[in-house]
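Just the heavy atoms: all of them, side chains too, but no hydrogens, waters or symmetry mates, feed the values below.
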Amino acid sequence: MLDLGTVTTLIAFLVGIVLGFPIGWLFIGSTALGLFVMGSPTVFMANAFFHSLDSSTIMAIAFFVFSGALISEAGLADRIVNFSYSLVGRLRGGLTGVGIVATLFLSALTGSSVPCIAALIPLLVPRLEKFGYRRVYTTALLCSSSYLGYLIPPSVPAMIYCLLAGQSVAALFLATVFPGLLLAIGYGILNYFMVGRYTFESTEKPLLPTTFEESLKDILCTGKAAIPALGCPVLILVGIYGGIFTPNEAGGIAAVYCLLIGWFVYRELTNAKLKKALSSTIGTFGMTTLLLAGGTILTRYLTRQGVAQEVANFMLNMFENKYLILLMLNFFLLILGMFLDGIPILILVVPLALPLMQELGINLVHLGAIMVVNVGIGVMTPPFAMSIFVGSRLAEVPAAELTKTMLPFLFLVSIPVLLLTTYIPALSCWLPEILLGSSIVGPW
């Protein structure tokens, strides 16, 4: 049975969410209230706050967030979009499919979802509308694709999970590659069949190559211009898996690389744009650290009070096997994703779920892939979906219409990819085991 302090904490937390209180402060406030009710000392809160942030991974997150803020300011996104046009623009649905390809490339620069939307919507939506593609559809495709930023390494949510679960960052970066590629391929196929319903007659036509020679020349030309931008993810991944530097050091290298490319190669990064990128980074990173520290306080308190073990016992008594438990975990995470951001979900759920998953023998790298795919889907699930809010505002389309257009991508692609990731461990464990060894990944 849960004591009065724990019950008070949980009720205060749920009421605070309903009332719309800031999640980071809610983590701290609900814990303090529970301790106050029981007359317990609050000393452990300061210790938990400090130790949750006393990690080099926190510094890496800051650098990757900064790199993501630089992609549009420094001109990297423009070159990647042009290169994506030359690769798939001539195919059926290729002009909208550019968004999927560009998101794949940008995901390897940003490590998150919102920067992809913020960079691509202003570049693609007005341009494609001139060519006869409805604004709401292009926006829906970009918003649905945005959580590729969580799956294609480097990934900020993956680093958060590893910080909480004590797993290898390099292993989890690799664990989400195949789910990310499956998602991109699925979106591409669905786009092929759906795009015709969202076009209208337009007198303006895109200037695309008509022969193989022209296409090859265009790919080479735009590819050459995009090489400096695409060099960043190549440098990061080769450096990490070649043993040249750690994932934490990779964040700093990525930030310096983007700065140098913006200043000296593309020459589009000005002092004003740099200030804007720094301001955005400080706001995002400040929010992330508050969530991480506050969430650690709450989850350590709940774990100390035996909530994690209560959850484990309840699930084991209620369901007969681990496959049903994993299904319920997915369902629970998807429900949370409808109301909370990905990082708070990870901070709240991972410490409470770990004892149960370890008791079931679930590989923790595999669990990380499941978690990251889940919180990625949360980016696009209404009513409180970050991609819908940002996409609706940037593209100036009604949120309700945008949500309706995104639903086929959710139910026909995202959910099936989640189930495949959940029930086929090889999708997430095979690649890291091949490159890093079974001693890092563990049995699966």
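With values rounded to the nearest 0.5 angstrom, Thr139 atom OG1 is found 10.5 Å from Arg134 atom CZ. Taking CE of Met371 as the start and CG of Asn330 as the end, the distance is 9.5 Å to the nearest 0.5 Å. Separating the CG atom in Leu163 from the OG1 atom in Thr296 is a distance of 7.5 Å, to the nearest 0.5 Å. For the atom pair CD1 of Ile23 and CE of Met287, the computed distance is 11.0 Å after rounding to the nearest 0.5 Å.
For the side-chain contact (heavy atoms from CB on, under 4.5 Å) criterion with Leu148, the lone passing option out of Ser145, Ser144, Ser146 is Ser145.
The neighbour count for Asp54 CG, taken as heavy atoms of other residues, nucleotides or ligands under 6.0 Å away, is above 12. Within 6.0 Å of atom CD in Gln358, more than 12 heavy atoms from other residues, nucleotides or ligands are found, so the atom counts as buried in its surroundings. Applying the 6.0 Å contact sphere to CZ of Phe332 captures no more than 12 heavy atoms from other residues, nucleotides or ligands. The environment of CE in Met386 is sparse: at most 12 heavy-atom neighbours from other residues, nucleotides or ligands sit within 6.0 Å. Within 6.0 Å of NZ in Lys273 there are more than 12 heavy atoms belonging to other residues, nucleotides or ligands. For Arg267, the CZ atom is loosely surrounded, since the number of other residues' heavy atoms within 6.0 Å does not exceed 12. Shown here is Tyr192, whose OH atom has no more than 12 heavy atoms of other residues, nucleotides or ligands within 6.0 Å.
Both the sub-6.0 Å distance and the 45° axial angle are satisfied by Arg79 relative to the ring of Tyr266.
Ring geometry, Tyr187 versus Phe409: the interplanar angle exceeds 60°, so the pair is classed perpendicular (tilted spans 30 to 60°). A parallel orientation is assigned to the rings of Phe27 and Phe13, their planes being inclined by less than 30° (bins at 30° and 60°).
Ser280 contributes no side-chain N or O that, together with a main-chain N or O of Ala277, makes up a donor-acceptor pair within less than 3.5 Å. Between the side chain of Ser155 and the main chain of Ile152, no donor-acceptor pair closer than 3.5 Å is present. At least one donor-acceptor pair closer than 3.5 Å links the side chain of Thr9 to the backbone N or O of Ser30. Side-chain N or O atoms of Asn363 include one that pairs as donor or acceptor with a backbone N or O of Val365 at under 3.5 Å.
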For Asn191 and Tyr137, what are the C-alpha separation, side-chain angles and deciding distance, and is it a side chain to side chain donor-acceptor pair (under 3.5 Å)? CA-CA 10 Å; Asn191 172 61; Tyr137 179 74; 2.6 Å; yes

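Counting only N and O atoms by type, the side chains of Thr96 and Tyr198 include no donor and acceptor under 3.5 Å apart.
Scanning both residues, Leu53 and Leu292, for their nearest heavy atoms gives CD2-CD2, 4.1 Å.
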